[in-house]
Amino acid sequence: SLIKMEDLTPSTNNWKEIALALSLPVALFSTSKLLYNYLSEDTESSNTSQIEQAPLKPLAYDDGFSPVGSMDFYREHVDRNMLFYGEDGFQKISDAFVVVVGVGGVGSAAAHALLRSGVRKLRLIDPDMVTLSSLNRHAVAQRSDVGRSKVTVMKEYFSKICPEAEVETVEAFFEADIAEQVLRGNPDYVLDCIDDRRTKIELLTYCYQNNLPVITSFGAGACLHPTNVKVGDIRATHTCPLARAIRKGLAQNGIYSGVLCVYSTEVRTKGIVLPPEELERLKSQPIQRKVRVGTLPVTICAPTIFGNVVANCVMHNLAGVPLEISVDPNAPYLGPAKRLQKMLAKREIRKFNTAVKKTQAQVPVEEIDNLMAIMKEVSALSEGKINAATRWRRDQPLSSTNILLCTTEEANIHDKLEVPVEEYYPDQVIDKVDALLENLK
């Protein structure tokens, strides 16, 4: 059968149905858009309200220099550091005065990290100029800076990073006879990033004797493995040749511990003698080095890691965040303390029938080493060399604060005592031993 045209033409009622069907999606879209705009405006208004309720608070500037730019900008600059250390901790970092001695690969990285982290008063000390060969590891120097003073280059660069900071420069080779002058102003921390043995010893000795908080970085040259970088007391250092030399030099000045160090336990290659043209260039500098110059192969990675670890330790100490320093129980320096612990365990077995493991737990080898360092390896009862350990007060439990380090003969006599120590030793001896043990509490 044939299909008629009128069959294909919709009726009036059909047109109404089609129009209604087409208008429904349009209406839904318009309604959704209006709802979205309303919610967006409400959210934006809510966020703005929250920001207005918590305005940025400016830091307190009390060091006499005028900050450049908006304090809100500075607050935003250091906001993540504040979140990390808290308001009080960060304020201590911001108010600190830090001196960096030596701004080569390690020192420039450390100073750079401190500046970006909020330290607003820095003094940079270094006699050297930027060289082409130092561009491979210096934190901020550029090719256009070759031939210019390192400390001047860093001051200019730092002013672009944080104009609120005050940066002093001293273009001089550190020596003991100018220590008081260049370290004036009672710095909160001194960073020793010098690469010369004699002057490192002079700087560390001066800081130790004048109660200036100091941290030293040992050689980063020829280091390949960053996992070997350690933080510890000068007494705990091992494997590093520079650390060995500094330990010996400080011991000659009566310093056996109390100096925080960043070092590597990696075995390094030997030094390389500089070529004649490099030596001639160094001789032409306005400020001459007074030491023999040598070098080690090095990339930017190790010095930067050393410098950042140094800066991290400084910021933690300034903010009051404790440093968790692990002690390597197999470190060679613990050898004498291990022998004393072993002898102490034997005496405890004979006298008190105490198990060896219990003695080791009660008096860890690190505590014995710390006490030896405090006593400078001299017996608490005489001028003899320490080679024995025993319990100090027999009527009290064994602990790190109840041991006596002395000579073997003195320990044998002490173990035979049938009376309290107060009835046998003079008062000055008792006071001396108790004062030494008090340092371990």
Side-chain angles (χ1 to χ4, degrees), residues 97-117 119 121-163 165-175 178-179 181-183 187 189-200 202-203 214-221 262 274 277-296 298-308 310-311 314:
F97 168 34
V98 179
V99 177
V100 183
V101 187
V103 291
V106 175
S108 64
H112 185 216
L114 290 174
L115 178 88
R116 288 191 181 274
S117 300
V119 175
K121 188 170 183 180
L122 290 164
R123 181 180 296 156
L124 310 178
I125 303 172
D126 197 295
D128 290 341
M129 296 183 295
V130 177
T131 64
L132 278 171
S133 62
S134 67
L135 293 180
N136 83 315
R137 60 193 180 279
H138 198 275
V140 304
Q142 305 175 67
R143 177 125 1 139
S144 59
D145 296 321
V146 171
R148 301 180 64 210
S149 163
K150 286 182 178 179
V151 292
T152 301
V153 167
M154 292 188 68
K155 180 176 182 178
E156 293 177 359
Y157 187 85
F158 283 4
S159 68
K160 299 174 183 178
I161 299 173
C162 185
E166 178 184 356
V167 181
E168 300 175 359
T169 61
V170 179
E171 194 174 343
F173 191 81
F174 180 88
E175 290 189 295
I178 66 169
Q181 178 185 355
V182 299
L183 297 179
Y189 233 103
V190 177
L191 278 60
D192 165 35
C193 302
I194 304 173
D195 57 4
D196 171 56
R197 297 180 181 185
R198 177 179 62 82
T199 47
K200 281 184 91 70
E202 291 177 353
L203 174 59
V214 64
I215 182 171
T216 182
S217 171
F218 292 133
V262 176
L274 291 177
E277 58 271 20
E278 185 71 6
L279 291 174
E280 287 299 321
R281 187 202 58 74
L282 290 171
K283 290 178 182 179
S284 66
Q285 287 191 171
I287 299 176
Q288 293 295 310
R289 283 178 169 268
K290 299 182 180 180
V291 295
R292 182 181 64 82
V293 180
T295 188
L296 285 171
V298 63
T299 67
I300 191 173
C301 302
T304 301
I305 291 170
F306 272 67
N308 283 325
V310 168
V314 171

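- Within the 4.5 Å cutoff, the side chain of Asp126 has no heavy atoms near those of the Glu171 side chain.
- Contact of the Val167 side chain with the Tyr157 side chain is not registered, since no non-hydrogen atoms from C-beta on lie closer than 4.5 Å.
- Here the side chain of Lys200 pairs no donor or acceptor atom with the backbone of Phe218 at under 3.5 angstrom.
- Applying the salt bridge (Lys or Arg N to Asp or Glu O under 4.0 Å) test to residues at least two apart or on different chains, the pairs with a partner in residues 145-158 are Asp145-Arg148, Arg148-Glu156.
- Contact record, Cys193 with Gly102: CB-O, 3.3 Å, taken as the closest heavy-atom pair.
- Scanning for side chain to side chain donor-acceptor pair (under 3.5 Å) contacts around Thr169 gives an empty result, with sequence neighbours left out.
- Across all their heavy atoms, Leu124 and Ala111 have their closest contact at CD2-CB, 4.0 Å.
- Contact detail for Ser108 and Met154: the closest heavy-atom pair is CA-CE, 3.6 Å.
- Ring geometry for Phe158 versus His112: interplanar angle under 30°, hence parallel rather than tilted (30 to 60°).
- Just one residue in the list Leu114, Val262, Val106, Val103 forms a side-chain contact (heavy atoms from CB on, under 4.5 Å) with Leu191, and that residue is Leu114.
- For the atom pair Gln181 CD and Phe174 CZ, the distance stands at 11.0 Å (nearest 0.5 Å).
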- Task: Kindly indicate, with the supporting measurements, whether the criterion side-chain contact (heavy atoms from CB on, under 4.5 Å) is fulfilled by Tyr189 and Val214.
- Result: CA-CA 6 Å; Tyr189 233 103; Val214 64; 5.6 Å; no

- Query: Run the side-chain contact (heavy atoms from CB on, under 4.5 Å) check on Leu203 and Val190 step by step: do they pass?
  - Reply: CA-CA 9 Å; Leu203 174 59; Val190 177; 4.2 Å; yes

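- Between atom CZ of residue Phe173 and atom CG of residue Asp196 there is a gap of 4.5 Å, rounded to the nearest 0.5 Å.
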- Task: Any chance you could lay out the side-chain contact (heavy atoms from CB on, under 4.5 Å) test for Thr304 and Arg137, step after step, and finish with the verdict?
- Result: CA-CA 8 Å; Thr304 301; Arg137 60 193 180 279; over 6 Å; no

- Message: With side-chain contact (heavy atoms from CB on, under 4.5 Å) as the criterion, how do Thr131 and Val146 come out once you've worked through the C-alpha distance, each side chain's angles and the decisive distance to 0.1 Å?
- Response: CA-CA 5 Å; Thr131 64; Val146 171; 5.6 Å; no

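- For Ser149 against Val151, the heavy-atom pair with the smallest separation is OG-CG2, 3.1 Å.
- At least one side-chain heavy atom of Arg116 sits less than 4.5 Å from a side-chain heavy atom of Ile161.
- Ala110 approaches Ala311 most closely through the heavy-atom pair O-CB, 3.7 Å.
- At a threshold of 4.5 Å between non-hydrogen side-chain atoms, the residues Val100 and Ile125 do not count as touching.
- Atom CZ of Arg197 and atom CD of Glu202 lie 14.5 Å apart (nearest 0.5 Å).
- Closest heavy-atom contact between Ile194 and Asp192: N-OD1, 3.1 Å.
- Scanning for side chain to side chain donor-acceptor pair (under 3.5 Å) contacts around Gln142 gives an empty result, with sequence neighbours left out.
- Distance check, rounded to the nearest 0.5 Å: CZ of Phe97 to CD of Glu168 gives 5.5 Å.
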